[in-house]
Structure formats: structure tokens, C-alpha cells
Amino acid sequence: MQAVDLLITHARQLCVIPPGPSGPQRGRSLGDLGLIEDGALAIRADRVVAAGPSSDLLAAYTAQQMIDASGRLVTPGLVDPHTHLIWAGDRAVEFERRIAGATYQQIMAEGGGIAFTTRATRRASLDELIGLGRARLDTALQHGTTTIEIKTGYGLDTATEIKMLEAIAALSATHPARIVPTFIGAHAIPAEYAGRTDAYVDLVIREMIPAVAEWKARRWPGDLFCDVFCEDGAFDLDQTRRILEAARAAGMKLKIHVDEFKALGGTSLGVELGATSLDHLDVTPDGEIALLGRSATVAVALPTTPFGLGQSHFTPVQKLLDAGAAVALATDCNPGPAWTENMQFVMALAARYCRLTPAQTLVASTLNAACALALGGQAGSLAPGHAADLIIWKTGDYRDLAYHFGVNQVDQVLIGGSVVHQAY
Ligand code: NIG
Ligand code: FE
């Protein structure tokens, strides 16, 4: 008998979510849950040691602590690879205007949207931003998110972008969730650069990227991503390329907001630059879908965004799967179109509007989402060697996660083998 720290036994369904040959589950192979009935997990320190039938693990391991998961579903913790979780102020007025017919781009062109949130975020103190971020991070964790990406992008000046990174670092140091930071200084053109986008791009390249690289060297040992909003009214293809080439040279990994409203060629650019993920992909042309499908870049669908905008056109996920792409899901949590911290809701939307099966929504929200953060092999799976980040759900059936919506189905959340949340 081998000694471990924790045995979780008798899960009605244990979803191990095995990695695919190259990391994510690609194309039509998406949806392999590695499902074990009456399953058990052996955990030592913060890692999974073994996953298998309860009878096998109970015969092979003794544990200091046991959790009986009888009747319940156990899955990896959810991974949310695209959020704008830290912001000040709110945009309820804009929400009312959008309901009445104003478009996201109209509001953006009038200096609302991201620029509005930027004004409020610049005024907020570091402590205020940490408090606002912590409340949302708690909500995300309570809904099953154990690893989360958080972007800057509501500073749009060097000092406030660094303040946002400091808020992310403070949350990472004090909150159990695993956090991955992304710098997105090129999220919008700030008011003081209106009509001078190239001058702002120069500021991002000459001042912000070096400052962020210097901050990373001092404050952040892990990966740090750089993202750009490549869109009409934001940054064009050439500006996006210049920024991402500078970021890559400064040691950052890459992501791009592409093809949300208009396709500018950002998908081809992202594949060419070796971006870790390309996100949104609502209006990506077929030729670029084929290119993405042949690449190692993860395709992140954000169904909350069209839903939040009251639109009926969603990321063509079926085409992406046919092309062989690694598809992941994320909340895009932000104060504009997509204010939700809840990945369960994303799964419900993706099943209905992207026609993913419940099993596919789960893999896209765990293993493949981890790969969208370059965390394959570490998070998003309960195969041996991965972090013991997991959810014990109230239900015993994985299909309920996408089927039953608008409620929180989490019972317990464990990160690194420790219980960090228990529902009442
Ligand atoms: O991913 N599109 C750009 N960024 C966000 C929206 C952020 C905001 O409106 O505050 C997005 O949808
Ligand atoms: Fe976004």
C-alpha cells in the first residue's frame, strides 16, 4: 500500500479528461472525458498520483484524508482563459442603450465602452482594484473556475497598465485561484490619442512593452501574455503585428482578439506569429479557419459576447472542429457585453449555439482552455502528474453541466489538493 495525502472515492462519474497527442483534444477528437464510473483519485502534495476505479485505488493506497464523493460528478477545475476581470465603474447605462438599439461600435466611437471603463479604472486606487477583482475572482471560484487569465487594458497609459498588473499580482499572492496575466495596452485608443492611433501604438511599443517586461522580470516568474484588440475602430493588422512582434521580442507569449465584428486578417497573423490562442473568431473567413485548424494555436470561442450583445451569430465552432482546430471556451468576463464570471453558463451557451456536446463543452472548458494559457500538462486534466485542481459537483451526471443552466452546480472546489470552497 502506498501512502498519499488524499483519496477521493466513489465518484459516480470521474472525468479525467486525458490530453490529446499534442496536448489539447483537437478537431473531432474533442470530447474524450476519460470517464470512470465509481471513480477515485489519489493525490499527493498538490498533484494527482492516480485516477481509476475506486476498488483499485482503495486496494493500492492509504490516505491521511478521505473524501467520499458518492453519487457525485468529479471533474478537473474549470479554466477560464480569457477575462477582463479587473475594472472600476459600471456600464449599466450602456447596457440600457444597447437594449434600445445602439451598437457596441457606435458606443465605442462616441468614447464610451472600453474608454469609459478606462476613465474609472485610472481614477481607482490599487486597493480598490484589488477589492473589485477579488470579489469577482471569488464568484468565479465559487462557480468552479480554478485557473483564470486576467487582462489589463483599462489603463491605456503606462502607469495604470502597471497598476492593473500589480492588482493581478496581489490577487495571485492572496487568492487560491491560479492566475495568468495578460497585458493588453492595445485594447482601445485612449481619448488623449484620438485620431492618432499610430502615435499610441508607438507608446505601447516604446514605453509600455519595456515597462511590462521590466515589471515581469521583477514581479512575475510565470508566463505573461500580450494581447491586442485587432478590429475596425481599434488596431489594424499592421499595428497589431508591430505590437506583437515587440512583445514577443520582450519575452511575452501572444494572444489576439480577432474577427469579433470584422475580419482584418488577424487570424492569419496570429498563426504566423505562433500565438498561443486566438479569441472571438465570430466572423473568421473559411480560408483562415483552415489555417488555424492546421496550426498549434488554440481557438477560443466566447459565446457570452454575441449573447451579451443580443446577437444570433456565434463562433463557427463546427467549422473549426472540421478543420482540426483545438477549441476552447472562456467567459470574456468584462463590464461591456459579457459580464459573467460563470464558466457553467458559457458551457450552456456553447452547447446550444455552437452545437458542442456536453462532453465537448467540458473538455473545451478544462484541458483545451489550459492549453490556451500554455498550461497543458499542468492544469485542466486529472491525469497523473497534473495539479489536483478539481470540482465535486452536486450532480452525478456530466451532461447536467451544460443542460441545467442559470444555477450554480458546484458543491466543492479543490485547488492543489486542498478544499478552497464548499457550497452551503
Ligand atoms: O473581448 N473586444 C474587446 N474587448 C472586450 C470587451 C471589453 C469591454 O467592452 O470593456 C471583449 O469583448
Ligand atoms: Fe476580451
Side-chain angles (χ1 to χ4, degrees), residues 80-95 97-98 102-122 124 129 132-133 136 148-156 160 164 180-190 225-236 240 243 254-264 266 270 275-284 298-311 313-315 328-341 343 346 349 369 372-373:
D80 188 348
H82 182 142
T83 85
H84 307 256
L85 197 82
I86 296 178
W87 73 83
D90 77 72
R91 308 219 309 255
V93 171
E94 284 181 11
F95 174 64
R97 286 191 56 205
R98 279 194 281 107
T103 68
Y104 183 80
Q105 293 101 313
Q106 251 167 16
I107 292 170
M108 181 163 82
E110 291 165 10
I114 295 169
F116 179 89
T117 301
T118 298
R119 291 194 286 279
T121 303
R122 284 178 178 178
L129 293 184
L132 289 161
R136 296 178 195 128
I148 188 166
E149 184 253 24
I150 304 178
K151 300 182 198 293
T152 67
Y154 295 122
L156 311 184
T160 315
M164 292 193 74
V180 177
T182 294
F183 162 68
I184 179 165
H187 194 200
I189 297 103
F225 286 83
C226 179
D227 195 344
V228 174
F229 187 18
C230 181
E231 185 62 53
D232 249 6
F235 300 90
D236 69 21
T240 303
I243 291 165
L254 309 182
K255 294 178 169 291
I256 319 180
H257 283 67
V258 293
D259 309 332
E260 182 176 353
F261 301 108
K262 189 162 174 198
L264 300 184
T276 305
S277 79
L278 295 174
D279 302 35
H280 283 290
L281 301 158
D282 296 297
V283 295
T284 309
V298 177
V300 180
L302 306 164
T304 52
T305 306
F307 171 82
L309 293 170
Q311 293 171 356
H313 179 80
F314 288 77
T315 303
L329 295 168
T331 61
D332 196 16
C333 182
N334 70 63
W339 185 12
T340 181
E341 298 86 345
M343 282 294 291
V346 175
L349 291 178
L373 295 175

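Any value given below was found using the heavy atoms of this structure, including those in side chains, with hydrogens, waters and symmetry copies removed. Both counts, for ligands and for their atoms, begin at 1 and track the order of listing. Along the sequence shown, residues carry numbers from 1. As the structure is a prediction and not an experimental result, all values here were calculated from the model.
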Return the residue, atom name and 0.1 Å-rounded distance of the protein heavy atom closest to [atom].
| atom | result |
| --- | --- |
| atom 10 (O) of ligand 1 | Tyr154 OH, 2.7 Å |
| atom 11 (C) of ligand 1 | Asp332 OD2, 3.1 Å |
| atom 2 (N) of ligand 1 | Glu260 OE1, 2.8 Å |
| atom 6 (C) of ligand 1 | Tyr104 OH, 3.3 Å |

Legend entry - Set of residues satisfying side chain to side chain donor-acceptor pair (under 3.5 Å) with respect to Lys151, sequence neighbours excluded: Glu149, Asp227

Legend entry - Ring-face cation contact, Trp87 with Arg136, 6.0 Å cut, 45° max: yes

[X]: heavy atom below 4.0 Å from ligand 1, yes or no?
| X | answer |
| --- | --- |
| Pro337 | yes |
| Trp87 | no |
| Glu231 | no |
| His187 | yes |

Any atoms of ligand 1 less than 4.0 Å from a non-hydrogen atom of [X]? List them with their elements.
| X | answer |
| --- | --- |
| His84 | 1 (O), 4 (N), 5 (C), 11 (C) |
| Arg91 | 8 (C), 9 (O), 10 (O) |
| His280 | 1 (O), 11 (C), 12 (O) |
| His82 | 1 (O) |

Legend entry - Exercise: identify the closest heavy-atom pair between Thr331 and Ala338: O-CB, 3.8 Å

Legend entry - Considering all heavy atoms, the nearest Met164-Ile86 contact: CE-O, 3.1 Å

Inset, instruction - Tally every protein N/O/S atom whose distance to the Fe ion (ligand 2) is less than 2.8 Å; waters are neither shown nor counted. - result: 4

Inset, instruction - Evaluate the side-chain contact (heavy atoms from CB on, under 4.5 Å) criterion for residues Leu302 and His280: first the C-alpha distance (whole Å), next the side-chain angles of each, then the deciding distance (0.1 Å), finally the verdict. - result: CA-CA 6 Å; Leu302 306 164; His280 283 290; 3.4 Å; yes

Inset, instruction - Give the ring-plane orientation class for His257 versus His82, where under 30° counts as parallel, over 60° as perpendicular and anything between as tilted. - result: perpendicular

Legend entry - Student check: side-chain heavy atoms of Asn334 and Tyr154 closer than 4.5 Å: yes

Legend entry - 4.5 Å side-chain heavy-atom contact, Phe261 and Leu309: yes

Inset, instruction - Go through the steps for Val283 and Lys262 under the test side-chain contact (heavy atoms from CB on, under 4.5 Å), then give the verdict. - result: CA-CA 6 Å; Val283 295; Lys262 189 162 174 198; 5.5 Å; no

Legend entry - side-chain contact (heavy atoms from CB on, under 4.5 Å) assessment of Leu156 paired with His187: CA-CA 8 Å; Leu156 311 184; His187 194 200; 4.1 Å; yes

Inset, instruction - Using modelled atom types only, decide if a donor and an acceptor are shared between the side chain of Ser277 and the backbone of Ala299 within a distance under 3.5 Å. - result: no

Legend entry - Asp332 and its side chain to side chain contact (heavy atoms under 4.5 Å, CB included) partner, picked from Val300, Thr83, Thr304, Asp279: Thr304

